[in-house]
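Got a structure here, written out as structure tokens. Questions coming.
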Amino acid sequence: MANFVEIKRLSEHVGEEVTVKGWIYNKRSSGKIKFLILRDGTGYLQCIVFKGNVSEEVFELSGNLAQESSVSVKGKVKAEPRAVGGYELDCTDVELIHQSQEYPITPKEHGIEFLIDHRHLWIRSKKQVAILKIRHRIIKAIRDFFDDRGFTLFDPPIITPNAVEGTSTLFETEYFDLGKAYLTQSGQLYAEAGALALGKVYTFGPTFRAEKSKTRRHLTEFWMVEPEVAFYDLNDDMDLAEEFIEYVVQTVLKDMKVELEILERDTTSLEKVIRPFPRVSYTDAVEILKKKGHEFEWGNDFGGADETIVSEEFDRPVLIHRYPAEVKAFYMKRDPEDSSLALAVDMIAPEGYGEIIGGSQREDDLDELLKRIKEHNLPQEFFEWYLDLRRYGSVPHSGFGLGLERTVSWICGLDHLREAIPFPRMIYRNTP
RNA sequence: UCCGCGUUAGCUCAAUGGUAGAGCAUGCGGCUGUUAACCGCAGGGCUGUAGGUUCGAGUCCUACACGCGGAGCCA
């Protein structure tokens with residue numbers, strides 16, 4: 001047991017003399033009294049340094065502490081409604097661990113360019129700490145959800161010899177004597193192999209897209225969860241996605257109230273994320289667009305603006321299913337009732353956050369899949385192992401991918417994905 | 001790749017074509033309950049780069065660089 005107390009546990013020590021270690025978040029002074037706001041990653045604590053209660057040296061030191069200096073403070077814990085967090089520390093001693101140099105991120109406003117240049121320090125700020133804690137809670141909720149339902153975590157390779165979907169551009173690398181290799185853009189094909197081995201699996205890891213996307217909804221490196229289940233059809237897949245999103249959102253609402261408040265997130269929209277979610281076919285969604293006076297030609301894929309317009313019809317995430325096969329990936333199964341449609345589903349988050357889930361029932365027929373690979377001009381030799389899954393006990397199976405940062409961004413109410421991950425990787429930035 | 005906007009103090013921003021300014025941060029001083037504390041004083045500038053127009057350019061024009069936002073693509 002360490003010899004200091006975490007700020008979030010101070011309520012258990014009212015009246016006691018304790019030691020707290022942390023960093024100077026801010027300070028104020030008024031003659032013979034100084035207010036040090038300490039942060040330690042678990043919370044914020046107002047430390048009172050009265051002249052007379054401490055030695056002359058400690059009083060002077062308290063006035064000279066630069067922002068973000070690290071200190072160890074000793075004092076008595078008091079309940080104090082005027083202080084942040086409801087408790088404060090009546091200091092008897094302040095020990096300097098390290099005097100900070102002039103800290104670049106001041107308590108005033110900063111521009112995004114400056115903040116992102118100082119991302120390694122920016123993550124110490126109150127809102128960023130709240131976001132990163134919510135991100136962690138979301139990750140845990142995701143893992144709990146699948147673990148509790150008998151899924152096995154199945155880690156796909158990150159280095160792959162070929163494009164999974166063939167549509168996006170990939171980060172390329174030389175792989176010893178074997179020639180070009182690529183950073184994965186999806187673990188899905190491997191998850192399918194896993195599902196036929198283990199029944200229910202999910203992958204959870206980083207994926208990479210070298211597309212020159214330059215929007216608030218894109219990162220070049222992002223985390224994705226991809227469940228894949230044997231014997232599930234598209235409807236089962238949608239049921240799973242619905243239950244999953246409801247669980248994640250409601251868990252965060254329940255456990256992360258303080259952080260959501262720090263972010264000033266209006267949670268009324270999140271509170272409505274309760275099953276069942278509306279389900280509309282692509283064709284119906286096109287009708288919604290037309291009805292609202294937007295020009296749209298059946299057969300095109302939805303853009304971000306189109307998604308938002310459709311989602312505004314509903315008060316919770318909406319599932320759009322059965323897209324034109326033309327705009328979807330080669331591995332998606334065609335709708336037996338209309339072969340021009342793919343058994344695909346996207347989930348669109350409310351409030352303009354766009355697509356957070358993309359999934360489908362997979363093509364399980366060998367000949368159909370061979371035909372698609374040819375149509376898409378994909379190199380069949382790279383897919384032989386994938387085709388084997390259709391040669392040896394093929395079954396209907398389905399899955400989806402959830403973008404972690406988009407989910408974090410939506411739940412936290414962020415206006416850009418770059419704040420949803422500790423160190424974002426974007427087209428014109430790979431530092432810090 | 002395309003379209004739009006921007007670049008002035010460490011940071012956030014002002015400044016009719018006519019002497020370069022404020023707040024925060026920093027330093028010094030004041031204040032016994034502050035809440036992005038407050039009050040006083042001080043230091044701090046090749047106005048992104050290179051050209052051009054003009055008696056005179058932070059301001060107008062051209063090019064370039066960098067950044068931000070959006071489109072396409074997608075999670």
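Here is how names work: the chains are called A, B, and so on, in the same order as the sequence lines, proteins then strands, and each is numbered from 1. Both backbone and side-chain heavy atoms feed into the values below; hydrogens, waters and symmetry mates do not.
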Which atom names give the shortest non-hydrogen contact between A:Leu234 and A:Ser398, and what distance separates them?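 Heavy atoms of A:Leu234 and A:Ser398 come nearest at N-OG, 3.9 Å.
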Where does the angle between the aromatic ring planes of A:Phe244 and A:Phe400 fall among parallel (under 30°), tilted (30 to 60°) and perpendicular (over 60°)?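 If you compare the ring of A:Phe244 with that of A:Phe400, the planes turn out tilted.
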Interface residues of residues 415-429 of chain A with RNA chain B (non-hydrogen, below 4.0 angstrom):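 RNA chain B contact set from residues 415-429 of chain A: A:His416, A:Leu417, A:Arg418, A:Tyr428.
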Sequence-distant partners of A:Tyr386, ring pair (Phe, Tyr, Trp, His ring centres under 6.0 Å), two or more places apart: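 None.
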Do NZ/NE/NH1/NH2 and the carboxylate oxygens of A:Arg217 and A:Glu307 come within less than 4.0 Å?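 Answer for the salt bridge query: no.
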Look at all strands and tell whether A:Leu404 reaches a base, only sugar-phosphate, or nothing, counting heavy atoms closer than 4.0 Å.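 Nothing, no heavy atom under 4.0 Å.
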Which nucleotide in the list B:rA25, B:rA75, B:rC74 gets nearest to the side chain of A:Glu355?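 Per side-chain heavy atoms of A:Glu355, the pick is B:rA75.
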Considering only the C1' atoms, how many Å lie between B:rA65 and B:rA25, rounded to the nearest integer?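 Straight-line distance between the two C1' atoms is 29 Å.
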Would you mind classifying the nucleic acid contact of A:Lys214 as base, sugar-phosphate or nothing, using non-hydrogen atoms under 4.0 angstrom?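 Base, at least one base atom sits under 4.0 Å.
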What's the shortest heavy-atom distance between A:Gln99 and A:Ala66, and which atoms?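 A:Gln99 and A:Ala66 have their closest heavy atoms at OE1-N, 2.9 Å.
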Looking at RNA chain B, which of residues 343-354 of chain A put a heavy atom within less than 4.0 Å of it?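 Those residues: none at all.
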Expressed as a whole number of angstroms, how long is the span from A:Asn64:CG to B:rC28:C1'?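 Rounded to whole Å, this separation is 11 Å.
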Canonical and wobble pairing (Watson-Crick, G-U, under 3.5 Å) of RNA chain B, dot-bracket with |: (((((((..((((....[..)))).(((((.......))))).....(((((..]....))))))))))))....
Separation of B:rC73 P from A:Glu307 CD (nearest whole Å):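 Going from A:Glu307 (CD) to B:rC73 (P), I get 11 Å.
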With a 4.0 Å heavy-atom cut-off, tell me which residues in residues 220-227 of chain A come close to RNA chain B, sorted by residue number.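 Contacting residues: A:Phe222, A:Met224.
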If the cut-off is 4.0 Å, is A:Arg217 near the phosphate of B:rA71, judged by side-chain N/O to OP1 or OP2?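 Answer yes for this pair, as a side-chain N or O of A:Arg217 is under 4.0 Å from OP1 or OP2.
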For residues 26-34 of chain A, please give each side-chain donor-acceptor pair under 3.5 Å, one per line with the distance, not counting sequence neighbours.
residue: A:Lys27; atom: NZ; partner: A:Leu65; partner atom: O; Å: 2.8
residue: A:Arg28; atom: NH2; partner: A:Gln46; partner atom: OE1; Å: 3.4

Among B:rU35, B:rA75, B:rC24, the one nearest A:Thr106 by side-chain distance: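 Closest nucleotide to the A:Thr106 side chain: B:rC24.
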Taking the side chain as every heavy atom from C-beta outward, state whether A:His294 and A:Phe296 have any atom pair closer than 4.5 Å.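 A:His294 does not reach A:Phe296 side chain to side chain.
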Nearest heavy-atom neighbours spanning A:Val5 and A:His13: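 Result for this residue pair: CG1-CD2, 3.7 Å.
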All N/O contacts under 3.5 Å from nucleotides 37-43 of chain B to the protein, with atom names and distances to one decimal?
residue: B:rA37; atom: OP1; partner: A:Asn26; partner atom: OD1; Å: 3.3
residue: B:rA37; atom: OP1; partner: A:Asn26; partner atom: ND2; Å: 3.1
residue: B:rA37; atom: OP2; partner: A:Asn26; partner atom: ND2; Å: 2.2
residue: B:rA37; atom: OP2; partner: A:Arg28; partner atom: NH1; Å: 2.8
residue: B:rA37; atom: N7; partner: A:Ser29; partner atom: O; Å: 3.4
residue: B:rA37; atom: N6; partner: A:Ser29; partner atom: O; Å: 2.4

Any base atoms under 4.0 Å from A:His218, or only sugar-phosphate, or nothing? Heavy atoms, all strands.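 Base, at least one base atom sits under 4.0 Å.
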Could you tell me the separation between the CD atom of A:Glu211 and the P atom of B:rG72, rounded to a whole number of Å?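 After rounding, the reported distance stands at 12 Å.
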Salt bridge present between A:Arg429 and A:Asp117 (N-O < 4.0 angstrom):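 Yes.
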For residues 219-227 of chain A, please give each side-chain donor-acceptor pair under 3.5 Å, one per line with the distance, not counting sequence neighbours.
residue: A:Thr220; atom: OG1; partner: A:Arg425; partner atom: O; Å: 3.0
residue: A:Glu226; atom: OE1; partner: A:Gly187; partner atom: N; Å: 2.8
residue: A:Glu226; atom: OE1; partner: A:Thr203; partner atom: OG1; Å: 3.4
residue: A:Glu226; atom: OE2; partner: A:Ser186; partner atom: OG; Å: 2.8

Please tell me which of the listed nucleotides, B:rC11, B:rC74, B:rG72, lies nearest to the side chain of A:Phe114?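 Nearest nucleotide to the side chain: B:rC11.
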Donor-acceptor pair (no angle test) under 3.5 Å: A:Ser213 side chain, B:rC74 base: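 Flag unset: no donor-acceptor pair detected.
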Report yes if the distance between the aromatic ring centroids of A:Trp298 and A:Tyr282 is under 6.0 Å, otherwise no.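 Between A:Trp298 and A:Tyr282, the centre distance is under 6.0 Å.
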Using 4.0 Å as the upper bound for N to carboxylate O, is an ion pair formed by A:Glu259 and A:Arg265?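 A:Glu259 and A:Arg265: not salt-bridged.
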Consider the side chain of A:Gln46, meaning its heavy atoms from C-beta on, and name the nucleotide among B:rU32, B:rC74, B:rU34 that approaches it most closely.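 Selected nucleotide: B:rU34.
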Taking RNA chain B as the partner, which of residues 273-300 of chain A come within under 4.0 angstrom of it by heavy atom?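 By residue number: none to list.
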Holding to side chain to side chain donor-acceptor pair (under 3.5 Å), I want the full list of residues that pass it with A:Glu95, two or more places apart in sequence or in another chain.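 Listed in chain order: nothing, the list is empty.
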With a cut-off of under 6.0 Å to the ring centre and 45° to the axis, is A:Arg149 in cation-pi contact with A:Phe145?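 Ring-cation test returns yes.
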Partners passing ring pair (Phe, Tyr, Trp, His ring centres under 6.0 Å) against A:Phe171 (at least two apart in sequence or in another chain):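 Ring pair (Phe, Tyr, Trp, His ring centres under 6.0 Å) list for A:Phe171, sorted by chain: empty.
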Does anything in residues 72-91 of chain A come within less than 4.0 Å of RNA chain B? Heavy atoms only, and list the residues if so.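 Heavy-atom contacts with RNA chain B come from A:Lys78, A:Glu80, A:Arg82, A:Glu88.
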Output the single nucleotide from B:rU32, B:rC74, B:rG67 whose closest atom is nearest the side chain of A:Arg406.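 The answer is B:rC74.
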